[in-house]
Amino acid sequence: MAKPVKTFVCSACGSVFPKWAGRCEACEAWNTLAEQEAPRTLPGGIKENSRRAGSKIEFVGLEGTSPPPPRIPTTIDEFDRVLGGGLVPASVVMVGGDPGIGKSTLLLQASAALGRAGQKVVYISGEESIDQIRMRAARLGLTKSPVQLAATTQLGDILASLAQVPDAGLVVIDSIQTMWTDSVDSAPGSVTQVRAAAFELIRAAKTQGFSLLLVGHVTKEGSLAGPRVLEHMVDVVLHFEGDRGHQFRILRGVKNRFGATDEIGVFEMTGQGLAQVTNPSALFLAERRGNVSGSAVFAGLEGSRPVLVEIQCLLSPNPGGSPRRSVIGWDSGRLSMLLAVLETRCGLKLAMNDVYLNVAGGLRVTEPAADLAVAAALISAATDVPTDPEMVYFGEIGLSGELRQVSQAELRLKEAAKLGFARAACPKRVAGGAARIAVPKTLSLVEIGHLTDLVNVVASGKNPGQKEEQA
Ligand code: TYD
Ligand code: MG
């Protein structure tokens, strides 16, 4: 018999190397390589060197009609929106997120909703006991919902039991990292185990036709724990995010083979579980206080949804040492760039200040369109003049201080008008350029060509002669 081959597997990304090294070459994580015997069998029990005689496959052209996949709505609209209209039968969805963010709560609520809608739902937890799940169900008021519960980590038992439930519509596994299969010889929780367990569950979902919802843990670095490879194996990857100090939770689509990604669903964690938030802008602006300097409202976009959020900024003098830049909810590199542009192009003196920037409500903003709002908050903080409370801001800023167009201006303007804002600071020709867009009647545009215009708008402390768009 051949000597077993040793390989080294990265516990963060799952990459395999022939030699040990202190740092994983693939994901650059330190100290994550662990020795492992190369599996004689691949995940799923396939022998490495076996090859059956293949039969001929028929090749077809690109043209053809395929109906859209059927959907099973979970009846939780915010969840369905992110999924692209509901669960697709025989598809696999992975929900990742930090511990304690509410994944189990969300999936139990979805299970109960689908159970009430007539689907056969199986919920298997490897993390909690039956009593703990029942207690949660009682708290959520879901004890009467038809859901089949089990608490186990043995994959063999799970697969054998699922085979007895041929009409299962949804199977929830909480979490994939706790599942253990004896088809591979490695420790529970190792990359090989998780990959093999996922592979076997996915195969069962595809052959039996049930939708599979997997919970996946997230590592300190923020990637789905261990097996990044799982992201490639599943059809849909969702991230459940939020700040545990806030009650808002955002379900974000990261990958979706059946729909658009970058959709978000917004929830609020209450005493009775997760409640849907149909108007996130109103929620994110609820605690805004007018007449304080260093705050500006950004007309942002999350997927296809406009979301207004407050950007807050605080400057505190730091004449000695190196000043601090602390950012929550935005990119710190982008903040440094904006500070440099404000200093060199607009002559604002910010270098002797600590800068604290915060996106209120715990939302994470990734759009460059937030530049203008951040700049407005910074200028307002530096000049100690509150921004116009009835104005929203959006626009990308270039290195020479020029304003650049951003996508979906019409949606942003509509949302601002809906929430009662009267003015929008935005790049020039937002409404008159190539894409003609409708500006809501109650909203006037303050067109900004260069960052110095914004300094004048903010520092003057009042609304400069609003320029109505000339069509
Ligand atoms: P949980 O779903 O267990 O998180 P995860 O599965 O992502 O680890 O939710 C944990 C937190 O949610 C816990 O700290 C308590 C809180 N929570 C509520 O505030 N209200 C509720 O109704 C429930 C069920 C949980
Ligand atoms: Mg949990």
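One-based numbering, in listed order, for ligands and for the atoms of each. Reckoned from all heavy atoms, side chains included, excluding hydrogens, waters and symmetry mates.
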- [ ] Answer yes or no: is there an ion pair linking Arg257 with Asp235, defined by an N-O contact shorter than 4.0 Å?
- [x] yes
TODO: Run through ligand 1 for me and note each protein residue having a heavy atom under 4.0 Å from it, chain first, then residue number.
DONE: Asp98, Pro99, Gly100, Ile101, Gly102, Lys103, Ser104, Thr105, Arg136, Arg139, Leu140, Met269, Thr270, Gly271, Gln272, Gly273
Task: Any residue meeting ring pair (Phe, Tyr, Trp, His ring centres under 6.0 Å) with Phe284, in chain and number order, not counting sequence neighbours - done: Phe248
Open item on the list: Tell me whether Glu78 is salt-bridged to Arg81, with the criterion being a basic N under 4.0 Å from an acidic carboxylate O.
Closed with: yes
Open item on the list: Under the rule for side-chain hydrogen bond (donor to acceptor under 3.5 Å, both in side chains), what residues qualify as partners of Asp185, not counting sequence neighbours?
Closed with: none
Open item on the list: I'd like to know if Glu302 and Arg252 make a salt bridge, using a cut-off of under 4.0 Å between side-chain N and carboxylate O.
Closed with: yes
- [ ] Mind running side-chain contact (heavy atoms from CB on, under 4.5 Å) on Phe298 and Leu308 for me, showing each step along the way?
- [x] CA-CA 6 Å; Phe298 167 47; Leu308 302 193; over 6 Å; no
Task: Under-2.8 Å protein N/O/S neighbours of the Mg ion (ligand 2), ordered by chain then residue number - done: Ser104 OG
Task: Heavy-atom pair with the smallest gap, counting every atom of Arg305 and Pro280 - done: NH2-CD, 3.7 Å
Open item on the list: Cation-pi check for Phe267 against Arg249: NZ or CZ below 6.0 Å from the six-membered ring centre and within 45 degrees of the axis, yes or no?
Closed with: no
Open item on the list: I'd like to know if Arg134 and Glu128 make a salt bridge, using a cut-off of under 4.0 Å between side-chain N and carboxylate O.
Closed with: no
